[in-house]
Peer 1: 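Shown below is the structure under consideration.
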Amino acid sequence: MQSFDLDKTDVSKLKFAISGDNELLKSTLAEYHASEIAILFESITKEDRERIINLLDIETASEVISEMHEEAHPEELLLQLHPDKRTEIVEELDYDDATDIISQLEEHEQKEILGDLSENDASSIRNLLSYDEETAGGLMNTDVIRINLNLTKKDAIDEIIRQSEEIEEFYTINVIDDDNIFKGIVSLKDIIKAKGNPKIADMVNTSAVYVNANTDQEEVAKLISQYNLTSIPVVDDKMHLLGRVTFDDVIDVLEDENTEDFLKISGVSEDEELSGNWIDAVKSRLPWLIINLGTAFLASAVIRHYDDVLKQLAVLSAYMVIIAGMGGNAATQALAVTVRRISLYDLTDNQAYRTVLKEFSVGLINGAVTGLIVFLFAYFFDANPMLGVVIFLAMTGNLVIAGITGSSIPLVLKRFGIDPAIASSIIITTFTDVFGFLLLLGLASKLLL
């Protein structure tokens, strides 16, 4: 089965069905999975989304809403629905999905929705809403299979069967004591294969990995990835079992974190929605461009300082663009690799040192190779060997600086508790532009004039 990509054919097909009667629309929707319908929602109006949700059965409707991207605002769609339909959908959702959606609403809107739910569902969602959305508590689902460690194999199987009626999927069995204190996990396979009728206490894995409800979501993702887990238990400070975070939640976290880092490196606020309007885009990007403009004046000041050199050697202006551009690209490469390394690992001082040393070496080699190419160009095209030497030295030096700044600046920012993805790109661009021009024009003033 191939992944679903939004194309004009599917959009046209859905819009044609929307223009027809409900029977045509129902038969068309039946051809798509709930996640595919969620993608198709991006191309239709709010009114059409509401009509479709009302036509779908509760299970499919809830799945569609849970699969909608945050920027499609599923919470607004929920508010559009009749209270009875809305309540049925929310009660069908997993608690973590329901919490994610309801958390985007105003407080009075949250109260309105929660007030229509059963006391148990409303209490569970309110509890999840109390956690920061970027922590394990904000990610977790409170629906978990939990069995007492004093149960025998036979009684445990009966209890698992009873609890599984309310839970769609489960991967591991959580073991607790009489006070709901987390004691470890046991696999269903081990329970079934156990000979005789032993107690769960004899089979529990007490060294199982777990997280506190306040653990940052990135750390949760790292643990699930590191230990190849399908889910991870969540506990409070007193080791009471609260819920679980599953791997599908972590996939969403990694996607969001990678998008956030990419936008930051590009000088775009993570608050800007990818599908947002131009006003939001301007508000998000303009401050960074103004800061970038200020740093550009530094590079301009260097050029002004060597105005006499440029007047006598106008050919240098053509090579300035090459050296600045190559330095910027090299620094961005080093920055991307370093920021990614920081996001994956807690680097020790020795690892940080080796990271900078590696990028210094890479910059030196890449600078020498590209500098040699430009030297040959200057030698044959401009018939000026000494000009080629100046450009070679400037190119090599600027790529070394690019490697050092691209790797060291995010490490320094991280050390001071500043997100390394936020300001690194602007700082390193300033370094490579300023030092690139300084090296080229400074060497030219000494060696060519």
Side-chain angles (χ1 to χ4, degrees), residues 63 66 92-100 120-121 124-125 127-128 131 134-255:
E63 190 174 350
S66 70
E92 182 67 26
L93 289 167
D94 287 338
Y95 287 140
D96 57 336
D97 291 330
T99 304
D100 288 341
N120 180 59
D121 289 338
S124 296
I125 293 174
N127 181 48
L128 290 177
Y131 295 104
E134 294 189 352
T135 63
L139 286 177
M140 73 178 175
N141 189 343
T142 53
D143 284 334
V144 293
I145 301 287
R146 62 185 84 199
I147 58 175
N148 194 291
L149 79 168
N150 294 315
L151 292 178
T152 61
K153 169 185 172 178
K154 182 180 180 303
D155 292 336
I157 291 176
D158 290 340
E159 182 63 18
I160 292 168
I161 292 173
R162 185 188 67 79
Q163 293 185 36
S164 65
E165 292 179 1
E166 299 296 325
I167 299 176
E168 272 191 30
E169 295 176 312
F170 59 93
Y171 312 101
T172 54
I173 313 298
N174 297 282
V175 180
I176 57 171
D177 65 10
D178 295 334
D179 298 316
N180 192 38
I181 301 297
F182 178 69
K183 294 298 181 180
I185 63 172
V186 62
S187 71
L188 186 58
K189 178 182 177 181
D190 288 341
I191 295 175
I192 294 172
K193 288 182 65 178
K195 297 186 183 300
N197 194 28
K199 283 190 173 184
I200 295 300
D202 298 327
M203 294 181 273
V204 63
N205 174 13
T206 57
S207 60
V209 180
Y210 61 88
V211 292
N212 185 277
N214 295 315
T215 302
D216 185 84
Q217 61 180 7
E218 285 191 76
E219 181 63 25
V220 178
K222 287 179 184 178
L223 287 170
I224 287 182
S225 174
Q226 180 178 348
Y227 292 99
N228 297 316
L229 304 174
T230 51
S231 66
I232 191 167
V234 182
V235 300
D236 63 13
D237 293 334
K238 296 182 179 179
M239 290 298 292
H240 293 110
L241 179 63
L242 302 177
R244 60 173 177 159
V245 176
T246 55
F247 68 91
D248 56 321
D249 296 317
V250 166
I251 291 173
D252 295 336
V253 168
L254 292 175
E255 180 182 341

Peer 1: Please name all residues satisfying salt bridge (Lys or Arg N to Asp or Glu O under 4.0 Å) with Glu159, sequence neighbours left out, ordered by chain then number.
Peer 2: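 So Glu159 forms a salt bridge (Lys or Arg N to Asp or Glu O under 4.0 Å) with Arg162.
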Peer 1: I need the Glu92 CD to Asp121 CG distance, nearest 0.5 Å.
Peer 2: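 Answer rounded to 0.5 Å: 10.5 Å.
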Peer 1: Taking all atoms of both residues into account, what is the closest heavy-atom pair of Ile185 and Pro233, and its distance?
Peer 2: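 Here Ile185 and Pro233 meet closest at CG2-CG, 4.1 Å.
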Peer 1: Just how far is it from atom CG of Asn214 to atom CG of Asp237, taken to the nearest 0.5 Å?
Peer 2: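 The distance works out to 6.5 Å.
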Peer 1: With sequence neighbours excluded, what pairs up with Thr206 under the side chain to side chain contact (heavy atoms under 4.5 Å, CB included) test?
Peer 2: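 With neighbours one apart ignored, the set is Val204.
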Peer 1: State, with a plain yes or no, whether a side-chain heavy atom of Thr152 is found less than 4.5 Å away from one of Pro198.
Peer 2: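 A side-chain contact under 4.5 Å is absent here.
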Peer 1: To check you understand the geometry: which heavy-atom pair defines the closest contact between Val234 and Ala213, and what is its length?
Peer 2: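 Closest approach of Val234 to Ala213, heavy atoms only: CG1-CA, 3.6 Å.
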Peer 1: For a quick test of reading the model, state the closest non-hydrogen atom pair linking Arg244 to Asp143 and the distance between them.
Peer 2: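 Result for this residue pair: NE-O, 3.1 Å.
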Peer 1: Using the side chain to side chain contact (heavy atoms under 4.5 Å, CB included) definition, which of the options Leu128, Asn141, Asp94 pairs with Thr99?
Peer 2: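 Among Leu128, Asn141, Asp94, the one that satisfies the side chain to side chain contact (heavy atoms under 4.5 Å, CB included) with Thr99 is Leu128.
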Peer 1: Determine the sole option in Ile157, Leu151, Asp158 for which the side chain to side chain contact (heavy atoms under 4.5 Å, CB included) test with Lys154 is passed.
Peer 2: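 Answer to the side chain to side chain contact (heavy atoms under 4.5 Å, CB included) test with Lys154 among Ile157, Leu151, Asp158: Asp158.
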Peer 1: For the residue pair Ile147 and Asn174, establish whether any side-chain heavy-atom pair is separated by less than 4.5 Å.
Peer 2: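 SC-SC contact between Ile147 and Asn174 ruled out.
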Peer 1: Under the ring-ring contact (aromatic ring centres under 6.0 Å, His included) test, which residues partner Phe182, sequence neighbours left out?
Peer 2: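 For Phe182, the residues satisfying ring-ring contact (aromatic ring centres under 6.0 Å, His included) (neighbours in sequence not counted) are Tyr210.
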Peer 1: At what distance, to the nearest 0.5 angstrom, does CD of Gln226 lie from CD of Glu219?
Peer 2: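 Answer for the CD-CD pair, Gln226 versus Glu219, is 8.5 Å.
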Peer 1: For the residue pair Arg146 and Leu241, what are the closest heavy atoms and their distance?
Peer 2: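 That would be NH1-O, 3.2 Å.
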Peer 1: Is there side-chain contact between Phe170 and Ser164, with heavy atoms separated by less than 4.5 Å?
Peer 2: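 Phe170 reaches Ser164 side chain to side chain.
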Peer 1: Is the shortest side-chain heavy-atom distance between Tyr95 and Ile125 below 4.5 Å?
Peer 2: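 Tyr95 vs Ile125: side chains touch.
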Peer 1: Is the shortest side-chain heavy-atom distance between Leu149 and Lys199 below 4.5 Å?
Peer 2: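 Counting from C-beta outward, Leu149 and Lys199 never come under 4.5 Å.
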Peer 1: Between Val250 and Val245, does the side chain to side chain contact (heavy atoms under 4.5 Å, CB included) criterion hold? Intermediate values first, please.
Peer 2: CA-CA 8 Å; Val250 166; Val245 176; 4.1 Å; yes
Peer 1: Does Thr172 reach the side chain of Ser187, with side-chain heavy atoms less than 4.5 Å apart?
Peer 2: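 No, too far: nothing below the 4.5 Å cut-off.
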Peer 1: Taking the side chain from Ser124 and the backbone from Asn120, do they hold a donor-acceptor pair closer than 3.5 Å?
Peer 2: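 A pair under 3.5 Å: yes.
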Peer 1: Using the side chain to side chain contact (heavy atoms under 4.5 Å, CB included) rule, take His240 and Ile181 through it: C-alpha gap first, then chi angles, then the decisive distance, then the call.
Peer 2: CA-CA 4 Å; His240 293 110; Ile181 301 297; 3.5 Å; yes
Peer 1: Is there a side-chain hydrogen bond (donor to acceptor under 3.5 Å, both in side chains) between Asp178 and Asn148? Walk through the geometry before answering.
Peer 2: CA-CA 7 Å; Asp178 295 334; Asn148 194 291; 2.7 Å; yes
Peer 1: Is any side-chain heavy atom of Val186 closer than 4.5 Å to one of Ile191?
Peer 2: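 They are in side-chain contact.
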Peer 1: To the nearest 0.5 Å, what is the distance between CG (Asn127) and CE (Met140)?
Peer 2: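 The CE atom of Met140 is 6.0 Å from CG of Asn127, to the nearest 0.5 Å.
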Peer 1: Applying side chain to side chain contact (heavy atoms under 4.5 Å, CB included) to Thr135 and Asp216, what does each step give before you reach the verdict?
Peer 2: CA-CA 4 Å; Thr135 63; Asp216 185 84; 5.8 Å; no
Peer 1: Walk me through it: do Asp236 and Asn212 pass the test side-chain hydrogen bond (donor to acceptor under 3.5 Å, both in side chains)?
Peer 2: CA-CA 6 Å; Asp236 63 13; Asn212 185 277; over 6 Å; no
Peer 1: Any heavy-atom pair between the side chains of Leu242 and Thr142 that's under 4.5 Å?
Peer 2: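 They are not in contact (no side-chain heavy atoms under 4.5 Å apart), so the answer is no.
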Peer 1: Considering non-hydrogen atoms only, spot the tightest contact between Ile176 and Lys183 and give its length.
Peer 2: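 Distance-wise, the nearest heavy atoms are C-CG, 4.2 Å.
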Peer 1: Strictly distance-based, threshold 3.5 Å: is any side-chain N or O of Asn197 a donor or acceptor partner for the main-chain N or O of Lys153?
Peer 2: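 At least one qualifying donor-acceptor pair exists.
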Peer 1: Do Asp249 and Thr246 pair up side chain to side chain, a donor and an acceptor below 3.5 Å, judged on atom types alone?
Peer 2: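 Yes.
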Peer 1: Quick check: closest heavy atoms across Asp96 and Leu139, and the distance to 0.1 Å?
Peer 2: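 Shortest heavy-atom contact: CB-O, 3.5 Å.
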Peer 1: Show your working on side chain to side chain contact (heavy atoms under 4.5 Å, CB included) between Leu223 and Ile232 and close with a plain yes or no.
Peer 2: CA-CA 8 Å; Leu223 287 170; Ile232 191 167; 4.1 Å; yes
